[in-house]
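Reminder, nothing fancy here: chain letters follow the sequence lines and each chain counts from 1.
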Amino acid sequence: MAADAEAYQTVFDAALAADERIEPRDWMPDEYRASLVRQMAQHAHSEIIGMQPEANWISRAPSLRRKAILMAKVQDEAGHGLYLYSAAETLGTSRDELLDKLHSGRQKYSSIFNYPTLTWADVGVIGWLVDGAAITNQVPLCRCSYGPYARAMVRICKEESFHQRQGFELLLALSRGTEAQRAMAQDAVDRWWWPSLMMFGPPDEASAHSAQSMAWKIKRHSNDELRQRFVDICVPQAEALGLTLPDPDLRWNEDRGHYDFGPIDWEEFRQVLRGNGPCNTQRISQRRRAHEEGAWVREAAAAYAAKHGEAGA
Amino acid sequence: MTAALALGDDALVLSHRLGEWAGHAPVLEEEVALANIALDLLGQARVLLSLVGDEDELAYLREERAFRNVQLVEQPNGDFAHTIARQLYFSTYQQQLYDRLARGDGPFAPLAAKAVKEVAYHRDHAEHWTLRLGDGTAESHERMRRGLEALWRFTGELFEPVEGCEVDWTALHDEWLARITAVLDRATLTVPEGPRRGAWAAGAGRQGVHTEPFGRMLAEMQHLHRSHPGASW
Ligand SMILES: [Fe+2]
Ligand SMILES: [Fe+2]
């Protein structure tokens, strides 16, 4: 038995070393499986919770063109949730099980969605910065060692980059618009900039899962590396928008070849993570309510399928 | 362009109501499906309103009394069964109307030909859920029955002739009723009874007389646009 396990481990290690994909039916260490399920679930949950702050503005979108773009975006996020829950199912964990864990607080979603969308400009900033940060995080995941996750990420990243461009374009319209529109855009950037930087997770020295995830080739770059990459991308984009990033320490560092930026308020990050952000309670209770209020619909679909011998909804 | 306004407002208003489901649907698949239908309708509304004037001026700067949609589409979502009942009544009507317009040689033929495929999917979606809810559990049956009942009085107005649509409205009504009856029968439900037109029932949306929830819907929809006169977005 022990010799068998060792042989399996050797095959798995060799596959990783050769940059081959691990597929659902391949042997994998329990910890690798658990770590993937945790990460994919958190990612799927983020997609569906992330629908809320933006859906908040669908009914008030100020032009029909923007309304169509926003509805399509929120719909895409639901689709991302679907791909990711399906990808997680290849590891033997059902969507229901994962949703239960989300609803009971045993699994998390990205803390960025615990901030409120207070004005229309927030819709643009979410596209530009939040989808932008997500892309920076996720493009390397297209090469993640687990096949179904990597493939889901390829589709998702394509759509996220649309979202990012649409958000940028929305902000450009505001910054070139009236005084009030410009102020609205700047205010939104001021509120979302720092939380966006926190999306890359704690600094490398404090990151609980990073080293192991990198060894397993689930993760390819450290949190701080990705954060720096994101800052370097955003600074010229903010200039193009004519908007200011709210960091007095932000400046080009010739020696490093990167932008330096000011210290992040990790206490705020920890507080939001712990449930004390502005919208934690609201987001989870809306999700739970939608799920509970939908229970009779799911039961009806299952009952109908049982009677008529077809797949449920 | 009475007809473009009437059909455009139907699509615009129903799209808005369906958009209110975002983040609240009973299953993830329905988040996608309801958004799909809302997007199709919004696309149709934009084409139709653009035949009349500037789409945003028409959507955001008209007062309630100037909207020409039927009252059915402005009714609040209620529970999922209520929304499905509204979808069933409306998409069956829209599919049959657009099918006729597509086959005619009026100004809406090209638009209707494109939209009728989308609308056929909307109708399939509504029928699919009517069957599941009607013939699912006792609770879903009861909820579906209540939704159908509550919205029944808004269905008479669908067949008020719209100026500019060359359609046999009596035949449209009969065909609609036949299809609804057949679906409800398969779903173990019955066609509601009760008034559908006249002073005792609702039904003057085409003349710009709406129900109370519509004003509140427009207030929300128009507020941001109206707060920044002349701004572009
Ligand atoms: Fe997404
Ligand atoms: Fe996105």
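Only the side chain of B:H228 comes within less than 4.5 Å of a heavy atom of chain A; its backbone N, CA, C and O stay farther away. Contact of B:Y60 with chain A is made through the side chain alone, with heavy-atom distances under 4.5 Å. Looking at A:R60, the atoms closer than 4.5 Å to chain B (heavy atoms on both sides) sit in the backbone and in the side chain alike. Heavy-atom distances place both the backbone and the side chain of B:H16 under 4.5 Å from chain A. With a threshold of 4.5 angstrom between heavy atoms, B:L12 approaches chain A through side-chain atoms but not through N, CA, C or O. When heavy atoms are compared at a cutoff of 4.5 Å, B:R143 approaches chain A solely by way of its side chain, counted from C-beta outward. Residue contact with chain A, scored on non-hydrogen atoms closer than 4.5 Å, is absent for B:A138. Contact of B:A38 with chain A is made through backbone and side chain together, with heavy-atom distances under 4.5 Å. If you measure heavy-atom distances from A:S63 to chain B, the contacts under 4.5 Å come from both the backbone and the side chain. Residue B:L42 touches chain A through its side chain alone, counting heavy-atom pairs closer than 4.5 Å. With a threshold of 4.5 angstrom between heavy atoms, A:V74 approaches chain B through side-chain atoms but not through N, CA, C or O.
Closest of all the heavy-atom pairs between B:S232 and A:Q181 is O-NE2, 3.0 Å. For B:S15 against A:M71, the heavy-atom pair with the smallest separation is OG-CE, 3.6 Å.
Ranked by non-hydrogen atom pairs under 4.5 Å with chain B, the options A:A72, A:G177, A:A180 are led by A:A72.
Side-chain atoms of A:Q286 come within 3.5 Å of backbone atoms of B:G23 as a donor-acceptor pair (strictly under, hydrogens ignored).
The environment of CZ in A:F162 is sparse: at most 12 heavy-atom neighbours from other residues, nucleotides or ligands sit within 6.0 Å.
A salt bridge links B:E29 with A:R95; the closest basic N to acidic carboxylate O contact falls under 4.0 Å.
Under the 4.5 Å side-chain criterion, counting only non-hydrogen atoms from C-beta, A:E293 is not in contact with B:D79. Between B:M221 and A:K67, some side-chain heavy-atom pair lies under the 4.5 Å cut-off.
A side-chain donor-acceptor contact under 3.5 Å links A:S59 and B:E220.
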